[in-house]
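Inspection log for the structure reproduced underneath, given as structure tokens.
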Amino acid sequence: MSRLVRNLMTRGPICLPADATLTEAAEHMADHDIGDILVLDGATLRGILTDRDLVVRGVAAGRDPDSTTVGELATGHPLVLGPEDPVDFALRLMRRHAVRRLPVCAEGGRPVGILTLGDLAEDRAPASALAAICAADPTPWPQHSEPPVATNLL
């Protein structure tokens with residue numbers, strides 16, 4: 001039996017309504033140490049907003065984070081998975097479309113989880129550097145009172 005998305009997904013994704021501001025989204029990302037917010041229209045998935053979207057399409061584009069909504073910047077109609085989809089299908093979708101995360105929705109479009117590249121790395125290649133990085137506890141910022149020293153790790 002192949003592994004199912006429900007076995008690997010992160011449950012309880014952070015969701016905001018489309019009219020929430022970029023500031024609210026950034027605060028949720030910081031509070032939950034995550035890089036994405038699912039954007040809802042009622043209880044249905046409308047889009048996904050990543051930390052990269054906030055920076056590139058928001059801040060770098062000069063958008064006001066207190067008046068720009070997540071609905072304005074979110075990637076609309078993202079690819080989605082169902083909890084009963086095989087993990088191999090998720091891998092093929094991520095590879096084909098070059099995405100690092102896929103929302104997982106129940107019937108009717110209600111988000112129930114998110115499957116990330118990190119989730120897959122931890123399951124498929126637990127000894128990999130990516131899995132180790134993804135499994136590590138987040139380090140609070142700022143980490144040091146003085147600048148870090150570059151180290152050659154090779």
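In this chain, residues are counted from 1 in sequence order. The shown structure was predicted, so the numbers you read here are calculated from the model rather than taken from an experiment.
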Look up atom [atom1] in [X] and atom [atom2] in [Y], then write down how far apart they are to the nearest 0.5 Å.
X     : Y     : atom1 : atom2 : value
Leu16 : Glu24 : CG    : CD    : 6.5 Å
Asp33 : Ile14 : CG    : CD1   : 11.5 Å
Arg63 : Thr21 : CZ    : OG1   : 12.5 Å
Thr44 : Leu38 : OG1   : CG    : 12.5 Å
Ile48 : Leu73 : CD1   : CG    : 13.5 Å

Are the side chains of [Y] and [X] in contact, using a 4.5 Å heavy-atom criterion?
X      : Y      : result
Leu115 : Thr10  : no
Ile114 : Leu102 : no
Arg46  : Leu40  : no
Pro111 : Pro103 : no
Val112 : Pro83  : yes
Leu4   : Asp85  : no

Treat each ILVMFWY residue as a node, draw an edge where side-chain heavy atoms are under 4.5 Å apart, and state whether [X] and [Y] are in one component.
X     : Y     : result
Val59 : Leu54 : no
Leu79 : Met94 : yes
Val99 : Val5  : yes
Leu93 : Met9  : yes

Nearest heavy-atom neighbours spanning [X] and [Y]:
X      : Y     : value
Pro78  : Gly47 : CD-CA, 3.7 Å
Ala90  : Leu81 : CB-CD1, 3.6 Å
Cys105 : Val80 : SG-CG1, 4.2 Å

- Task: Only pairs at least two apart or in different chains count here, so list each salt bridge (charged side-chain N to carboxylate O under 4.0 Å, His left out) that has a residue in residues 91-111.
- Result: Asp36-Arg101
- For side chain to side chain contact (heavy atoms under 4.5 Å, CB included), just list the numbers for Leu91 and Leu120, CA-CA rounded to whole Å, side-chain angles, deciding distance to a tenth of an Å, and then say yes or no. CA-CA 8 Å; Leu91 281 167; Leu120 294 170; 3.5 Å; yes
Does any donor atom in the side chain of [X] or [Y] lie under 3.5 Å from an acceptor atom in the other side chain?
X      : Y      : answer
Asp119 : Thr116 : yes
Thr23  : Asp66  : yes
Thr68  : Arg57  : no

- Task: Among Thr69, Leu49, Asp53, Ile37, find the residue that satisfies the side chain to side chain contact (heavy atoms under 4.5 Å, CB included) test when tested with Leu22.
- Result: Leu49
- Query: Is the NE2 atom of His77 crowded by more than 12 outside heavy atoms at less than 6.0 Å?
  - Reply: no
- Message: Would Val87 and Leu8 count as a side chain to side chain contact (heavy atoms under 4.5 Å, CB included) here? Give the steps.
- Response: CA-CA 8 Å; Val87 169; Leu8 298 183; 3.7 Å; yes
